[in-house]
Each structure stands twice: as structure tokens, then as C-alpha cells.
Amino acid sequence: MIFREVEDRDLVAKARRGSVDAYNLLVSRWERRVFNYILRLVGHREDALDVCQEVFLKAYQNLAKLDDESRFAPWLYRIAHNESFSLLRRNRPDGGEFQEPAPRSSGPHLLPVETSLAVTAALDRLSSEQREAVVLKIYQGFKFEEMAEILGCPVSTVKSRVYTALDLLKETLAPVPRNAGGGR
Amino acid sequence: MSCASFDLKAYALGEVTTQERRAVEQHLPNCVACTEEVERLGVVQSAMLTLRDEEIPRRIAFVSDKVFEPRWYQRLWQSGPVAGFASAAMLAGAILVHGFQQPAVAPVAGTSVLEAQIQARVETEISKRLDAVVAKAAQQEKTFAARLASTEARMQATIDGDRAAYAQGLEVVHKRLTNIVKSSQIAYSGDRP
């Protein structure tokens, strides 16, 4: 993991010196993960792909503004976060504050099907902020500090969102048996 | 320690220090409620991980693709000979601007000589840089022509070789066919009564 971070940093440094190949390598390294992160936020494959393209373009154009080359991933996800929420705001029907979760796409290769459907439904019940926190933590594997950097909020807020989301997911995906604690 | 002092969610998510992890692991065998909580968190995470990442429908356009193509001024700036010419022009421009911005002074003896010297230096500098750019371009052209000639010669040799081999093969086939025809004729004339 540390090795990988060092490699990213080197690639960023090279890309900043004008190496197109270095940036292409960064794109191919991160495109799938960033695409899935965006997909879980916006819920639509074509939209996710467009946003993903925009993210990498913006990252390339603003690479000189990245203060710390070793922080490429959180910085890239920060751009992805901003672009995704910008799209969600543009797409909301009433122009009000975005609250409703986006419609989910069902993946073509989800096994076992029942569990995946249950997870999809459970994620749908979360607010967009809670869902994003869970996606960053469980699917993308970021630490709380990195998430705070990506989301632009304090670590305490990040933890609160993740913990609340976990409590809600637990109720759906790992409910307490009805007879638990009673009749024993 | 009471159950409330353990952050079981942080433990399940791997966000605890080694010391905190050890403390939780020492506590769990003695507490059914906390064990169940950790198990439920594990179930949630396992269930979530059944939702696999999707393949990206098509790859993201790379920097070398159209979408990332540099603008005209970036291309101009990045091209070697043109940049050399541009820098020479900029230098000449800067010297001229500097010359015009100088406060007007009363004409003194030797001013025209000084101007002529500056002009001569500017011209020398421009011509030196232009010569360098032109020489570089000529060298590139020469190299390209040499490579083109060598590639053409190689291609011609390959074509000649192929042509000879084809003619040879054709001749062999022709001879074989002639032999077959001849032997057929002999056999046919021998069969006749």
C-alpha cells in the first residue's frame, strides 16, 4: 500500500513536469475505482462515465494546484465528490436542497442476487451523505482523515455519518432475531 | 472497562490503534452483547462487499486523446524549433520595447553610433538564432530524407526479392504443369487402340 502511494506520487511529479504517459498511467490506475465511486453516488452508468471523464480532465488541468503530490487520491476523490454532487444538484427536479437518494443501477453480475438486492435497497434508504460516507469507507477503503479531506468536513462529522449509516444498514442486513433476549 | 468505552464500529472498520484493538479483543470473550454487535457489523460489511465493482463501460479518454489536446499556444510553446524562433522574436521585441521606453535625452555626440551598435547586436542575435533554427530544421529534414531513402531502398529490395521468388515459383509450376500435360498425352495416346 505504501509502495503504491510512492508510485502515485512519482507519477504525479512526472505528470506535472509534462509527462503525458505518467498521467495516462494514473488514469488507467484510478479510473475503475473512481467510476464506481461516482456510480454509487449518481446511480446512472452514463452519467457516472461523463462525470468520471470530467473528473480526470479537471484533475489534469489543475495538477499544478495539488499541494502535496502524495495526496493525489484524496484530491482526485474530492474533485469526483464535487462533480457528482454538482450533477445531482443540476438534476434535482424542484431546485431545492438535494436529499433524496439517487435511483440505483443494478449491476449485471451481482452474486448472490438476494444479498446484493438487499444491499442495494439498504443503501437506497440512506441519505446521500451517509451513502457516500459508507462508499468511501467500505468500498474505497479510505481512512477517516482522508475522508474528511475528500468531503471537506471534520473527522467527527465523517465518523458520525459512517456510524449512523452502519446502524441503519445493520437493521436491514443484520437484524436482531425476534426471539433474541427473550424466552431464554 | 464498561462496554461503552469500546468503539466497536471503529474496531470493525479497522480504525483503531493496536492497543485499542487488543483491548477490544480481550473484552469480547467476556461480553455476549459486544460479540454480537461485532458479528452484526461483520455481516453488514460482508453483505456490502457482495456488491462488486462494475467494469467501466469504456475507458476514460487519455491525455493523448483529442479531449486533452493542448491548445494552440501550448502546442506552440512546446514545439522546439518554433519555440526557438519565438524566443528570438521575443528577445528582439523586448530589446526594441526597452529601447523605446528609454527617457528621451538630449542628442549627444555618438548617439547614432550607439543606436547603430544596438541595432547591429539585435540583428546579429536574431540572425544567429534564426540560423540555429534553420540549421536544426535542415538537419531534421536531412535525417528524415536519409531514413526515407533507406526505407524505400529496403522496401524495393523486398519487392524485388518477392518478385524473383514469385517468378521462380511460377516457372516451377509451369514446368510441372507441362510435365503433367505431356505425361497425360503419352498415357492417352498409349491407351488408344
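Labels below follow one simple rule: chain letters A, B, ... track the order of the sequence lines, proteins then strands, and each chain is numbered from 1. For the numbers below, each heavy atom of this structure counts, side chains included, while hydrogens, waters and symmetry mates do not.
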Non-hydrogen side-chain atoms of I56(B) and N36(A) separated by less than 4.5 Å: no
With a 4.0 Å cut-off, would you call E54(B) and R32(A) a salt bridge? no
Cluster check V43(B), L117(A): I/L/V/M/F/W/Y, side chain < 4.5 angstrom: no
So, the part of K137(A) with a heavy atom under 4.5 Å from chain B: the answer is side chain
Residues two or more places apart in sequence or in another chain: which of them pass side chain to side chain donor-acceptor pair (under 3.5 Å) with T172(A)? R125(A)
Any residue of residues 147-165 of chain A which, by heavy atoms, sits under 4.5 Å from chain B: K159(A), V162(A), Y163(A)
Do you know which two heavy atoms are closest between V119(A) and A47(B), and how far apart they sit? CG2-O, 3.2 Å
OG1 of T50(B) to CG of L173(A), rounded to nearest 0.5 Å, is 8.5 Å
Would you sort out whether L51(B) and L123(A) count as a side chain to side chain contact (heavy atoms under 4.5 Å, CB included), showing the intermediate values? CA-CA 11 Å; L51(B) 205 62; L123(A) 283 169; 3.9 Å; yes
Report which part of Y139(A) has an atom under 4.5 Å of a heavy atom belonging to chain B: side chain, backbone, both, or neither. side chain
Taken to the nearest 0.5 Å, the spacing of E31(A) CD from R59(B) CZ works out to 8.0 Å
With chain A as the partner chain, list the residues of residues 7-20 of chain B whose heavy atoms fall under 4.5 Å from it, by residue number, and write 'none' if nothing qualifies. D7(B), K9(B), A10(B), L13(B), G14(B), E15(B)
So how far is it from R58(B) CZ to L49(A) CG, rounded to the nearest 0.5 Å? 4.5 Å
Could you tell me whether D167(A) and R40(B) make a salt bridge, using a distance below 4.0 angstrom between a side-chain N and a carboxylate O? no
Determine whether more than 12 heavy atoms belonging to other residues, nucleotides or ligands lie under 6.0 Å from atom CZ of R22(B). no
Could you walk me through whether D53(B) and R40(A) pass the side chain to side chain contact (heavy atoms under 4.5 Å, CB included) check? CA-CA 10 Å; D53(B) 272 359; R40(A) 289 190 170 118; 3.0 Å; yes
Which residues in residues 172-182 of chain B have any heavy atom closer than 4.5 Å to a heavy atom of chain A? none
